[in-house]
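A short worksheet on the structure shown next.
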Amino acid sequence: MSEPTRPISSNPSLTPPGQEMSEGERRAIEMVEAAETGGRKLFGWQAMLVTIVAVGWCLFQMYAAYQGTIVPTTLRSIHLGFAFALAFLVFPFKKTPGNPQTKVPWGDWILGGLATASALYFFVEYSNIANNGGLRSDAPLDLIASSALVIMLLLTAWRTLGIAMPIISLAFILFAFMGSRGLISFIQTPFHNGYTWPQLMGQLATNTEGIFGTAIGVSAQIVFLFVLFGAVFDKLGAGDWFMRVAQSLLGGFRGGAAKASILSSALNGIISGSAVSNVVTGGNITIGTMIRTGYSREKAGAIEVASSSNGQLMPPVMGAAAFIMAQNLNIEYRSLILAAAIPAFLCYAALLVVSHIEALKLNLKGLPRNELPRVRKTLLEGWYYMIPLGYLIGVLTVNPEANPERVALTTIMIMLVMMFAQEVFWGSRDGRSPARSLLDGGKKIIEAFEGGARSMIGIAIATAAAGIIVGIVTITGLGFGLADLVQSVANLFSNEFLRILVVLFMGQLIALILGMGLPTTANYILMSALIVPIIAKIAGLDTGNPAEMLPVHMFVFYFGIMADSTPPVALAAFAAAAISGGDPIKTGVQAFQYELRTALLAYMMFFNPVLLLIKDGKLGGVPLGEAVPMILFAFIGLVAFSAATLRFLHRKTNPIQMIMLLAAAFILIIPTSIVWNIAALGLIALVYFWQKAGSRNEPSSPLPAAA
């Protein structure tokens with residue numbers, strides 16, 4: 001048996017030892033740090049303070065999962081307090097990549113202390129406030145703390161998530177103040193009569209329909225542990241092993257560099273919920289390899305962006321939105337990840353086809369086999385990484401009684417033991433004493449804990465800030481008003497199918513627009529509060545039946561993910577372009593073209609719930625014999641659609657062939673009858689043999705590499 005290879009995940013760039021980090025790679029890492037984990041480079045006691053707060057947050061969350069009896073509002077307020085404290089320590093208000101701040105300004109100490117105190121106030125006083133039914137008239141500090149919490153949350157969201165979230169939240173706050181009895185009484189609204197400042201602060205801060213609502217509850221209870229699991233798993237060395245496994249399996253095929261990138265992103269998606277960090281983690285190796293084998297800089301970056309963005313579709317983490325979705329639908333987490341598995345597989349299988357089509361267009365070959373890791377040796381080197389991953393996924397999918405946070409906690413503990421064992425093993429090879437090896441293992445665990453806590457800042461702040469919008473939608477009845485407005489637009493069409501298509505298309509546009517300025521989790525929370533009920537009403541769905549509502553939630557979730565690669569605001573594309581040296585806008589446009597198959601898949605799930613294992617209004621009620629043909633037809637439809645959008649199948653398609661492929665893909669969206677499915681297959685076969693016959697008479701020359 002092969003010896004395990006030394007993990008290199010402690011090097012955040014995954015640059016092989018002895019090799020200089022490229023300027024593009026350095027810019028990409030700085031971009032990720034500035035956007036997701038904080039851009040400050042602190043030293044001395046300030047850096048130590050960040051580590052202490054981060055590790056303290058992790059230990060508290062692990063204790064809460066172990067204890068299992070902490071009052072929800074207590075857990076949520078402490079969770080937000082830790083997020084506030086870290087945010088003002090590591091996120092500068094003004095981000096300057098390449099010239100990071102090395103000290104925390106005095107203003108951030110004051111703001112961070114105020115924000116943390118405002119969150120912890122509700123930990124101390126929440127029971128008294130709850131017993132009173134809201135803000136206490138004899139306790140003016142309630143209103144002061146509530147106001148400080150909302151204001152500081154908007155400021156923190158601005159520095160950690162960007163300006164979009166605060167602007168959207170402020171627009172909703174102003175809307176709540178409009179009306180005859182509101183703070184802005186001179187502007188009337190047909191939806192409500194308006195609210196005063198104390199009334200709104202009471203709604204947002206003192207009950208579980210606002211900031212301390214379901215979203216941040218899921219973040220505190222479940223999401224944190226899965227993000228920490230991913231951080232520890234990567235520090236253990238699994239991310240690097242996934243990369244080498246992908247290269248060994250697929251690198252030798254036509255366009256193998258791109259296919260290896262796609263497979264490694266899919267594997268990393270199991271443990272990571274961030275498209276941008278996936279781009280940087282894997283793209284530092286894969287993008288350069290793709291360029292070397294013939295892909296243009298933009299195409300190489302775009303393939304990495306598309307595959308990394310789709311990592312958020314991979315169970316069990318799914319970009320943290322899976323946990324909130326399960327809570328919204330009131331279903332077992334196990335049921336959700338089982339339902340999401342088939343669409344995720346289809347999405348990546350179709351992307352592999354996209355990469356193959358691009359390789360055919362460019363007449364590319366695979367990587368030389370002598371440059372690739374050997375399959376058997378690579379698998380044996382890291383087989384033990386599958387122990388914690390197999391335990392996590394196995395227990396969650398097999399045991400319906402499994403508690404997700406307890407399972408995640410147990411998995412983390414298993415990996416901590418493995419971390420020490422791995423360091424002792426390598427220490428015996430390096431001549432280090434067991435004590436020194438254990439100390440090195442402890443340092444890696446602290447690094448993993450700090451990385452996990454930093455990655456959670458944005459999620460915690462996003463879920464809390466989204467609570468502002470959800471709370472206002474709840475008290476103002478805005479959702480019902482929007483539903484009536486969209487209903488009036490849909491009623492312009494007499495055909496029921498067209499009405500549903502119009503509403504889905506409007507929801508798609510809103511998700512893409514919001515997603516350009518919001519992280520995926522916040523985007524999904526907003527869409528589930530605003531758009532999902534509208535689609536359900538127009539489509540006549542039973543909102544109390546999770547099997548009928550799951551396709552709608554997955555629809556808006558998929559389009560929220562697509563926003564990561566939608567120009568002009570596509571951070572994942574900018575990160576990939578920083579590595580490739582290509583144009584970021586062109587990279588984003590190309591990635592969006594690759595992502596069109598994700599859009600088609602979202603429609604497929606809505607009109608064909610069998611892909612989510614839904615039948616007769618029940619989750620998980622699809623026999624294998626019925627599911628397999630539907631999955632196969634869906635995959636063929638995605639292949640036809642990809643060939644049409646890329647204008648290439650066996651060779652470049654002409655306009656008639658492209659229309660035939662699109663027609664076949666759209667027929668396969670909606671399961672009608674086997675006759676129509678066979679007709680669609682016939683159209684695809686006709687295009688293929690038409691091109692095959694043409695290539696015999698007039699061989700097509702490959703397009704230049706820059707095409």
Side-chain angles (χ1 to χ4, degrees), residues 242 245-270 275 278 282 286 290 302-316 318 337-361 366 393 554 557-558 561-562 565 591 593-605 607-613 622 624 626-646 648-650 661 664-666 668-669 671 677 680-681 684 688:
F242 282 160
V245 167
Q247 289 176 330
S248 66
L249 291 175
L250 298 180
F253 291 94
R254 181 187 290 270
K259 291 172 181 173
S261 168
I262 293 166
L263 179 58
S264 65
S265 292
L267 293 172
N268 276 316
I270 295 174
N278 279 355
T286 61
M290 282 188 273
I303 288 173
E304 182 62 46
V305 169
S307 58
S308 295
S309 298
N310 288 162
Q312 297 173 96
L313 307 177
M314 291 291 291
M318 294 175 64
I337 60 176
L338 287 173
I342 291 175
F345 167 78
L346 285 171
C347 198
Y348 271 104
L351 186 56
L352 284 171
V353 172
V354 166
S355 70
H356 187 72
I357 290 173
E358 287 287 16
L360 288 173
K361 287 171 66 175
I393 297 177
M554 291 292 286
F557 175 57
Y558 266 50
I561 285 174
M562 282 188 65
S565 54
Q593 185 182 13
Y594 294 154
E595 284 281 60
L596 288 175
R597 82 206 186 287
T598 307
L600 183 70
L601 183 56
Y603 280 92
M604 282 182 168
M605 286 187 294
F607 289 109
N608 187 9
V610 171
L611 297 177
L612 294 168
L613 301 179
V622 182
L624 184 63
E626 184 177 338
V628 170
M630 287 295 151
I631 295 170
L632 183 59
F633 283 129
F635 174 68
I636 294 171
L638 291 170
V639 170
F641 184 75
S642 299
T645 54
L646 294 173
F648 196 96
L649 186 58
H650 178 66
L661 290 171
F666 292 144
L668 292 170
I669 289 179
N677 287 341
L681 297 181
I684 298 170
Y688 179 79

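Side chains are part of it too, since the values below use all heavy atoms of this structure and drop only hydrogens, waters and symmetry mates.
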Within the 4.5 Å heavy-atom criterion, are I342 and L612 side-chain neighbours or not? no
Would you check if N310 and E595 make a side-chain contact, meaning some heavy-atom pair closer than 4.5 Å? yes
Looking at L346 and I631, what are the two nearest heavy atoms and their distance? CD2-O, 3.7 Å
Tightest non-hydrogen contact, residues S355 and A258, listed as CB-CB, 4.0 Å
Gap separating the CG atom of L263 from the CD atom of Q247, nearest 0.5 angstrom: 10.5 Å
Flag, side chain of S308 to backbone of V305, donor-acceptor distance under 3.5 Å: no
Interatomic distance, I561 atom CD1 to L313 atom CG [nearest 0.5 angstrom]: 4.0 Å
Between Y348 (side chain) and S307 (backbone), is there a donor-acceptor pair under 3.5 Å? yes
Mind checking the CG-NE2 spacing from L351 to H356? Nearest 0.5 Å is all I need. 13.5 Å
Donor-acceptor contacts, no H, no angles, side chain residues 633-644, under 3.5 Å, sequence neighbours left out:
unit_1: S642; atom_1: OG; unit_2: L638; atom_2: O; d: 2.8

Ignoring hydrogens, what is the shortest heavy-atom contact between L250 and A260? Give both atom names and the distance. CB-N, 4.1 Å
CG of L267 to CD1 of I262: how many Å apart, nearest 0.5 Å? 12.0 Å
Say you draw a straight line from CD of Q312 to OG of S265; how long is it, rounded to the nearest 0.5 Å? 11.5 Å
Side chain to side chain contact (heavy atoms under 4.5 Å, CB included) for N608 and I669? Distances and angles first, verdict last. CA-CA 7 Å; N608 187 9; I669 289 179; over 6 Å; no
Measure the spacing between OH of Y594 and OG1 of T645 and express it to the nearest 0.5 Å. 10.0 Å
Tell me every residue that passes ring-ring contact (aromatic ring centres under 6.0 Å, His included) with Y688, counting only those two or more places apart in sequence or in another chain. H650
Is K259 reaching over with its side chain to a backbone N or O of R254, donor-acceptor style, under 3.5 angstrom? yes
Looking only at non-hydrogen atoms, find the nearest pair between L611 and M630 and report the distance. CD2-O, 3.9 Å
Taking all non-hydrogen atoms of both residues, which atom of L360 and which atom of L649 are closest, and how far apart? CD1-O, 3.9 Å
For E304 and T286 the tightest heavy-atom approach is OE1-OG1, 2.6 Å
Treating S309 as the side-chain partner and A306 as the backbone partner, does any N or O pair qualify as donor plus acceptor under 3.5 Å? no
